[in-house]
Amino acid sequence: MIDIKLLRNETGQVAANLARRGFVLDADSYGKEEERRKALQVRLEDLRRQRNEGSRAVGRIKSGGVDPAALASEMERLAVIDHELEETEGAFRTIEASLEAFHLTLPNLVDASIPDGRDASQNVEVRRVGDPPQLGFTPHDHVAIGEALCGMDFSEAARITGARFVVLKGDLARLQRALINFMMDVHVAEHGYEEVYVPHLVNRASLTGTGQLPKFESDLFGIAKITDWYLIPTAEVPVTNLARDRVFLNTELPKRWVAHTPCYRSEAGSYGKDLKGMIRQHQFEKVELVTVTTPDHSMEALETLTAHAEAILNKLELPYRVMLLCAGDLGFASAKTYDLEVWLPGQNQYREISSCSNCKDFQARRLQARSRARMSDKPEWVHTLNGSALAVGRTLVALLENRQDEGGRISIPEPLRPYLGGRSHLEPRRGGG
RNA sequence: GGAGAGAUGGCUGAGUGGUCGAAAGCGCUCCCCUGCUAAGGGAGUAAGGGUGAUUAAGCCCUUCGAGGGUUCGAAUCCCUCUCUCUCCGCCA
């Protein structure tokens, strides 16, 4: 949620900022509704004050020996006030609820450092690391490689569930597990994150806190039995909610958490995209980094968090580029985002493998997550950041495609070998999976 | 799933219809005393919002798990829900 006071007082300025995202905020009609709210609130509070005074008067009359005439007239006066109070309260609640609902649909303000742009085509390449491999033959895509390794089966998954799922077996299932453990270990041992294990089902409040609800319900999988619960679309939701309703001491910050979870996304509205293979699935594994900082350190924390995600790509010797998202491509909760895009020879292009965002105080306001330097200080909103490090399924795809040889062997990068029993290669196999 | 107990400020914990936004303690802040690895004394210390001159004082409203209700008046009474704890059952 953006700062409501700022929205009220500088509606035009906020509207101009949000316009950079392509979000249209009608400043005039908002201003009018806000004026109505204010007038009603002032009236309401005055009525409540009158009622409180009257109630106290009744108390005084009763305790001081009953004077029936005074009591009757006071009660009569209060009945009139109560009547108007009830009406005003109803009107106020209606407008207040509608304003609150509206506030929850407003995306975060765009950071000043963000370039203009309408969509992904106008994102800015910040740097490029590593070169696409010179394979010297027509690269296979990960689907062909996976089938040759006899460990990637989409039709079985379709039978078990439906489209956009995969069954991994043998070397590939183990490779995925190796990647998860490798990433977790690097973040814990080398980057200093605290490993957390979190629920994979979350309630509406948590999803509202991080910004998926109320606006993006169609992207989520709900569950039939408990309608308040949803499968997590990312570990960002449960992990960032660790900060909910908390007041941190600045000395406790930054909090840096890492979690591995499966992620579930309905992929509504992406029917045509990436139908083949593991790139876009309803269920995928992800290792997620979350940082909670004081406001003065969050931009620096975004660079650090992004570097931590890049470290995984570097260790796995995967070529990638860093994109600074333009205003129009920024996610709902984010003020500034770097996407990491890995090179995929099978597609002959860079594809997103990580997204690192500074949400500044946007989620903190929804979450009531605050901090202060001393107990006697007034708490202020923390800043929250999150980033994939990395999307495991896509990392697996990238490894297969970048490290294949003409015979279909996959070379395992050095740091990953201990997680695969020391093996240096995966070999294609004959026969069925 | 069954039975019972509970949910109060950063924390612990009093408070069963009328200046209770809430005793006390801890913690924290400031001051004083003392003087050396500690202790004592005093004062202050919830949040959000409205009004005020958009950042003062003051005044006011709301909030004691959430939502309803009774009442002139609710932390206190009633109903529903959520969560926590204890015991039993079941279970990985």
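Reckoned from all heavy atoms, side chains included, excluding hydrogens, waters and symmetry mates. The structure displayed is predicted, hence computed values, not measured ones. A note on names: the letters A, B, ... follow the listed sequences, proteins ahead of strands, and every chain is numbered from 1.
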*NA contact type, A:Arg51, heavy-atom cut-off 4.0 Å: base, sugar-phosphate, or nothing?*
sugar-phosphate
_More than 12 heavy atoms of other groups within 6.0 Å of A:Lys32 NZ_ = no
_Heavy-atom closest pair, residues A:Ser357 and A:Thr337_ = OG-OG1, 2.7 Å
*Using the P atom in both, what is the distance from B:rG17 to B:rG9, to the nearest Å?*
22 Å
_Nearest-nucleotide pick for A:Arg93, side chain only, options being B:rC61, B:rG18, B:rG68_ = B:rG68
*Kindly say if A:Asn52 contacts the phosphate of B:rU62, meaning a side-chain N or O under 4.0 Å from OP1 or OP2.*
yes
*asked:* If I pick the C1' atom on B:rG10 and the same atom on B:rA47, what distance separates them, to the nearest angstrom?
replied: 12 Å
*Could you state the atom-to-atom distance from CZ of A:Arg56 to C1' of B:rG17 in whole Å?*
16 Å
_RNA chain B stem ranges, 3 or more consecutive Watson-Crick or G-U pairs under 3.5 angstrom_ = B:1-7 with B:82-88, B:10-12 with B:24-26, B:27-32 with B:40-45, B:46-51 with B:58-63, B:65-69 with B:77-81
_Under 6.0 Å between ring centres: does that hold for A:Phe332 and A:Phe362?_
yes
*Of all the choices, B:rU62, B:rC72, B:rU51, which nucleotide is nearest to the side chain of A:Arg48 once you look at every atom?*
B:rU62
*More than 12 foreign heavy atoms under 6.0 Å from CD of A:Glu427: is that the case here?*
yes
N/O contacts under 3.5 Å, protein versus nucleotides 53-58 of chain B?
none

_By the 4.0 Å heavy-atom rule, please label A:Asp82 as base, sugar-phosphate, or nothing._
sugar-phosphate
*asked:* How about CD on A:Glu252, more than 12 heavy atoms from neighbouring residues, nucleotides or ligands closer than 6.0 Å, or not?
replied: yes
*With a 3.5 Å cut-off and no angle check, do the side chains of A:Asp185 and A:Tyr419 form a donor-acceptor pair?*
yes
*For A:Arg43 and B:rC60, what is the distance between atoms CZ and C1' respectively, to the nearest whole Å?*
14 Å
*Between B:rU8 atom P and A:Asp245 atom CG, what is the distance in whole Å?*
13 Å
_Whether A:Arg93 side chain and A:Thr88 backbone form a donor-acceptor pair below 3.5 Å_ = no
_Classify A:Val58 by what it touches in the nucleic acid, base, sugar-phosphate, or nothing, heavy-atom distance under 4.0 Å._
base
*Are more than 12 heavy atoms from other residues, nucleotides or ligands located less than 6.0 Å from atom NE2 of A:His425?*
yes
*Considering only heavy atoms from C-beta outward, does the side chain of A:Ile279 approach that of A:Val397 to under 4.5 Å?*
yes
Every protein N/O lying under 3.5 Å from an N/O of nucleotides 46-49 of chain B:
{"from": "B:rG48", "atom 1": "OP2", "to": "A:Lys378", "atom 2": "NZ", "distance (Å)": "3.3"}
{"from": "B:rG49", "atom 1": "O2'", "to": "A:Gln41", "atom 2": "NE2", "distance (Å)": "2.9"}
{"from": "B:rG49", "atom 1": "N2", "to": "A:Glu45", "atom 2": "OE1", "distance (Å)": "3.2"}

*Does the pair A:Glu45 and A:Arg49 meet the rule for a salt bridge (charged side-chain N to carboxylate O under 4.0 Å, His left out), with working shown?*
CA-CA 6 Å; A:Glu45 290 188 355; A:Arg49 181 185 56 77; over 6 Å; no
*Between A:His260 and A:Tyr197, do the side chains contain an N or O donor and an N or O acceptor separated by less than 3.5 Å?*
no
